[in-house]
A.B. asks: 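Dropping a structure here in structure tokens format, bear with me for questions.
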Amino acid sequence: MGQIIVMTSGKGGVGKTTSSAAFATGFALRGHKTVVIDFDVGLRNLDLIMGCERRVVFDFINVINGEARLSQALIKDKRIENLYILPTSQTRDKDALTKDGVEKVMEELRKEFEFIVCDSPAGIEKGALMALYFADQAIIVTNPEVSSVRDSDRVLGMLAARSRRAELGLEPVTEHLLLTRYDPERVVRGEMLNVEDVLDILAIPLLGIIPESQAVLRASNVGVPVILDDVSTAGQAYSDAVGRFLGEKIEHRFIKPQKRGLFAWLRGNSA
Amino acid sequence: MSEGIGLTRTENVSDKDAPFQLRGGSVNLMLMKLVDMTSDSFYERLSDKVRQAPNFFRNAPLVLDLDGLSGDENLDFSDIRSRLRACGLMAIGVQGGAPRHQEAALRVGLPALPPGRPARLDTAPTAQPIVAAKVQPPPPQEPPPRTTLFVSEPVRSGRQLYAAGGDLVITNLVSAGAELLADGNIHVYGALRGRALAGISGDTNARILCLSLEAEMVSIAGLYRVNEDIAPSFYRKPVQIYLKEGYLCLDTF
């Protein structure tokens with residue numbers, strides 16, 4: 001049976017979709033059959049980040065409504081074996097996500113895939129609730145600033161109280177913290193919360209720290225998950241985080257400001 | 001587990017127009033513990049007692065504590081009441097004792113009062129037991145049973161916990177944006193970053209204890225202090241919060 005993983009945060013713009021694309025791609029690169037699902041009905045973005053926006057025919061909502069079969073809506077990634085994308089509808093809204101409908105799709109996907117990555121919309125309303133409801137594991141995407149941390153805390157409360165596992169009294173959803181857009185230099189200057197501050201507030205295990213990097217925006221614009229950019233610090237950090245998720249022992253990197261030589265200075269901040 | 005409750009006691013507008021208002025309240029009453037009603041000198045010795053402080057006892061309402069009796073006595077409460085009246089005391093009810101005694105008392109208009117906490121007798125000019133030398137001080141009564149709500153997982157932002165009628169004990173952190181409510185005490189064995197309101201039904205003896213005070217707000221029996229008003233010396237310290245002479249007090253421990 002496949003594992004359902006929700007990528008969630010409460011707050012918008014912290015990097016959920018980027019992280020969903022990176023993790024799904026990372027799992028597939030390591031040989032695990034993976035599907036990534038866009039739960040942000042009406043604000044469809046995942047297909048852009050994955051670079052498959054021009055191949056969308058049917059979507060998640062069509063499948064929920066029985067207007068298409070799952071196999072018709074799943075888009076196979078062109079670059080990587082074992083990777084599939086289930087895009088969402090841009091014309092509907094979150095009410096299209098019914099619990100029974102989502103459950104039916106999840107059960108079907110569980111039989112076929114090892115990892116099912118659910119890209120949650122921002123907020124704590126129906127879309128986010130449906131994205132986290134069936135989760136076995138949750139990756140909480142948080143930026144090192146107070147409002148993002150508080151929203152993550154709220155979402156952790158929802159996972160503990162309103163997920164399927166909580167309602168059925170099963171083992172709680174496994175929680176992981178992914179700290180994104182981390183800028184060690186700004187942390188040193190006191191302009192950002194440091195890792196310890198965030199861990200002190202959220203008190204969940206740290207899965208990874210993704211440094212602020214221009215590679216992320218560049219990757220989004222060309223529709224290539226940033227994890228495939230293995231020269232970028234963000235790409236490497238995602239790769240480490242995926243490895244840790246799968247049980248590998250990998251030291252955290254990119255926590256301290258890097259000593260930059262003359263060459264790096266000349267290249268500017270483009271790492 | 002989580003449920004909303006109103007924090008402020010609001011009165012209905014229509015209640016204000018009513019010719020009466022019913023509300024709960026507590027009053028201090030004199031209790032007379034009956035030990036040996038067969039004693040021939042019962043009323044004689046009572047009269048002596050009353051004579052020592054006639055103003056204090058004049059028309060004093062009195063509750064008869066029946067717990068000291070064996071329960072086998074045949075008591076004529078009508079007679080007891082009129083003889084107490086003759087001593088200047090007005091029996092208004094009974095407390096404790098055997099059911100047959102309570103029923104007999106009720107028949108002559110002396111209802112059984114619910115047990116309360118034993119009051120200190122230092123309001124009376126004569127602090128000695130009223131009846132006889134062999135009277136024992138009233139046994140300390142059990143406080144009303146309290147149920148404690150134990151929570152071991154983190155209380156996250158947006159969650160509200162209410163320990164109705166008792167204490168709330170958290171053995172984990174309480175995040176900013178979480179709200180703890182209890183009729184009794186609140187213990188947080190971790191960082192308290194949210195709001196904590198103890199004694200919300202008016203218990204002024206309720207306390208808040210936490211290992212690291214970073215709360216957004218603390219309140220006891222309606223008296224509150226917001227984060228801004230908490231002295232920095234208490235920040236992130238183990239603190240207990242309680243009411244003393246109508247003021248909210250903080251102590252590190």
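Numbers restart at 1 for each chain; the letters A, B, ... are given by sequence-line order, proteins then strands.
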A.B. asks: Quick check: are there more than 12 heavy atoms from other residues, nucleotides or ligands sitting under 6.0 Å from CD of A:Glu248?
C.D. replies: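 Atom CD in A:Glu248 is crowded, with more than 12 foreign heavy atoms closer than 6.0 Å.
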A.B. asks: Name the residue from A:Lys16, A:Lys94, A:Lys126 that meets the salt bridge (Lys or Arg N to Asp or Glu O under 4.0 Å) definition with A:Asp40.
C.D. replies: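 By the salt bridge (Lys or Arg N to Asp or Glu O under 4.0 Å) criterion, A:Asp40 pairs with just one of A:Lys16, A:Lys94, A:Lys126: A:Lys94.
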A.B. asks: For atom CZ of A:Arg181, decide whether the heavy atoms of other residues, nucleotides or ligands shown that lie under 6.0 angstrom number more than 12.
C.D. replies: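 12 or below, so no.
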A.B. asks: Please name the residue in the list B:Asp251, B:Thr204, B:Asn185 that meets the side chain to side chain donor-acceptor pair (under 3.5 Å) test with B:Tyr242.
C.D. replies: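 Only match with B:Tyr242 under side chain to side chain donor-acceptor pair (under 3.5 Å): B:Asp251.
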A.B. asks: When heavy-atom pairs shorter than 4.5 Å are enumerated against chain B, which of A:Leu202, A:Val155, A:Ile124 gives the highest number?
C.D. replies: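 Top count of heavy-atom pairs under 4.5 Å with chain B: A:Leu202.
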A.B. asks: Give, as side chain, backbone, both or neither, the part of A:Leu159 having an atom under 4.5 angstrom from any heavy atom of chain B.
C.D. replies: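 Interface part for A:Leu159: neither.
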A.B. asks: Using non-hydrogen atoms and a 4.5 Å limit, figure out which bit of A:Asp151 sits close to chain B: side chain, backbone, both or neither.
C.D. replies: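 Looking at A:Asp151, nothing touches chain B.
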